[in-house]
Amino acid sequence: MKTLLLKLEPVVWLLFGMGIMLGTILLPGWLLVMGLGAPLGLVPESAVAFDRMHALAANPLGRLVLLGLIALPLWKGAHHLRSLSVDGGGHARDGLVGGVLYALALAGSVLGILAVARL
Amino acid sequence: MARSWNPHAMQPHGPARTRTAPPQVPDRFWSAPRMRRYLLFDATGLVYLLIGFVILRAVWALGDGGEAWARVLRDYRNPLYLLFHAVTLLSVIYVGVRFFGLFPKAQPPRIGPVKPPPRPVLHALLYAAWGVVTLGLLLVLGGVIA
């Protein structure tokens, strides 16, 4: 597993780098409106109504942004959690931990592609 | 007391001219404030991993229809979701401030014939992009721009 992870390192680093940069740039807007503003009644209900949100999400730019919001944080999260595990002295289990975390990120990314494709 | 660390870290490609001690990490390395900030930066990974799946569920619900979407909106009013989203927002701001501070320092002096802009300019550009994208999403998702 460690050998495979070493071979995949350039791809993982690219996705991690995009996650930390673009994921961080994209997330506050989503969190402020969908995570906090709408549930607290600070955003009009009509703004987050199904028809409007579906129309926004289904256009090509909307799909791309949503895929970025799903997949990029997953890779940032997976790589940093692996790093945290190694920092905690988990070098011996790094292959297993890294494998599981990247598998989660990959599964989430594939499901993200499916989710935006079926809009 | 120190324990041995990653045996491959800082390992020279060939025999070195001078002997080097194997890398070791002090037992209480995490007690230094800068290491705690670094570990907190890593720990935000958990929040990022979770928010990716939380947004995946919302987008999946959009594909399922109005009822599923209404269920997501109703769940988002749950205090646990509100707390999670608030913690995520704080984590994202922490990651952004730290990473955008590090990014200009990590640039090579030139990329081919192109020199990157001076560090303060690059720093300001990152914040400008962050602000513009956040404002754009606020206006579009919030219904100000149709």
Side-chain angles (χ1 to χ4, degrees), chain A residues 19-21 23-40 43-48 50-54 56-58 65-67 69-84 86-87 89 91 101 104-105 108-109 111-112 114-116 118-119, chain B residues 3 5-7 25 29-30 35 38-39 41-56 58-60 62-67 69-70 73 76-78 81-82 84-86 88-89 92-93 95-96 99-100 103 126 129-130 133-138 140-144 146:
Chain A
I20 202 166
M21 168 77 87
T24 299
I25 285 177
L26 288 172
L27 276 169
W30 172 274
L31 290 167
L32 283 168
V33 176
M34 295 306 304
L36 297 169
L40 293 172
V43 172
E45 278 187 28
S46 58
V48 292
F50 174 75
D51 290 340
R52 181 172 185 275
M53 288 304 287
H54 190 272
L56 278 176
V65 169
L66 287 175
L67 182 57
L69 276 166
I70 295 168
L72 298 179
L74 289 177
W75 287 97
K76 186 273 185 205
H79 193 69
H80 261 167
L81 283 181
R82 180 188 173 198
S83 170
L84 191 66
V86 172
D87 289 337
H91 212 271
L101 288 168
L104 269 175
S109 302
L111 285 172
L114 285 175
V116 298
R118 64 199 278 276
L119 285 171
Chain B
R3 59 191 154 94
W5 197 233
N6 179 358
V25 62
F29 80 99
W30 45 264
M35 293 310 294
Y38 159 74
L39 290 172
F41 186 58
D42 271 4
T44 58
L46 178 61
V47 177
Y48 271 70
L49 197 69
L50 291 174
I51 193 66
F53 284 109
V54 167
I55 297 175
L56 171 63
V59 177
W60 199 272
L62 265 181
D64 280 345
E67 275 186 32
W69 179 245
L73 293 183
Y76 276 13
R77 287 189 211 110
N78 183 305
Y81 262 109
L82 282 168
F84 170 69
H85 282 133
T88 307
L89 182 62
V92 169
I93 291 169
V95 168
F99 180 71
F100 294 159
F103 186 82
L126 287 168
W130 202 13
V133 170
T134 301
L135 185 65
L137 282 172
L138 279 176
V140 172
L141 289 175
V144 179

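Chain identifiers are assigned alphabetically (A, B, ...) following the order of the sequence lines, protein sequences preceding nucleic acid strands; residue numbering begins at 1 within each chain.
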Highest number of heavy-atom pairs under 4.5 Å with chain A: which of [options]?
options                              : answer
B:Tyr76, B:Trp60, B:Tyr38            : B:Trp60
B:Leu49, B:Asp42, B:Ile55, B:Val144  : B:Asp42
B:Leu46, B:Leu82, B:Leu62            : B:Leu62
B:Val92, B:Leu141, B:Thr134          : B:Leu141
B:Gly52, B:Gly96, B:Ala129, B:Gly136 : B:Gly52

With a 4.5 angstrom heavy-atom cut-off, is it the side chain or the backbone of [X] that approaches chain B, or both, or neither?
X        : value
A:Ile25  : both
A:Leu104 : both
A:Leu56  : side chain
A:Leu26  : both
A:Arg82  : neither

Do [X] and [Y] come within less than 4.5 Å of each other through their side chains, counting heavy atoms only?
X       : Y       : value
B:Phe53 : A:Leu74 : yes
B:Glu67 : A:Phe50 : no
A:Leu27 : B:Tyr48 : yes
A:His54 : B:Trp69 : no
B:Ile51 : A:Leu31 : yes
B:Leu39 : A:Leu84 : yes

Under 4.5 Å from a heavy atom of chain A, the part of [X] involved:
X       : value
B:Asp64 : both
B:Phe99 : side chain
B:Ala70 : neither
B:Phe41 : both
B:Val54 : neither
B:Leu73 : side chain

Review point. Under 3.5 Å, side chain of A:Trp30 to main-chain N/O of B:Leu137, donor-acceptor pair present?
Key: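 It does not hold such a pair.
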
Exercise for review: Taking B:Trp130 for its side chain and A:Thr24 for its backbone only, find out whether a donor-acceptor pair lies under 3.5 Å.
Suggested key: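 Yes: the side chain of B:Trp130 pairs with the backbone of A:Thr24.
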
Review point. Who among A:Pro73, A:Pro44, A:Ala71 has the most heavy-atom pairs with chain B under 4.5 Å?
Key: A:Pro73

Exercise for review: Kindly give the heavy-atom pair with the smallest separation between A:Ala47 and B:Gly142, and that separation in Å.
Suggested key: CB-O, 3.4 Å

Check your understanding: Shortest non-hydrogen contact from B:Leu56 to A:Ala115?
Key -> CD1-CB, 4.0 Å

Check your understanding: For B:Val95 and A:His80, what are the C-alpha separation, side-chain angles and deciding distance, and is it a side chain to side chain contact (heavy atoms under 4.5 Å, CB included)?
Key -> CA-CA 11 Å; B:Val95 168; A:His80 261 167; 5.9 Å; no

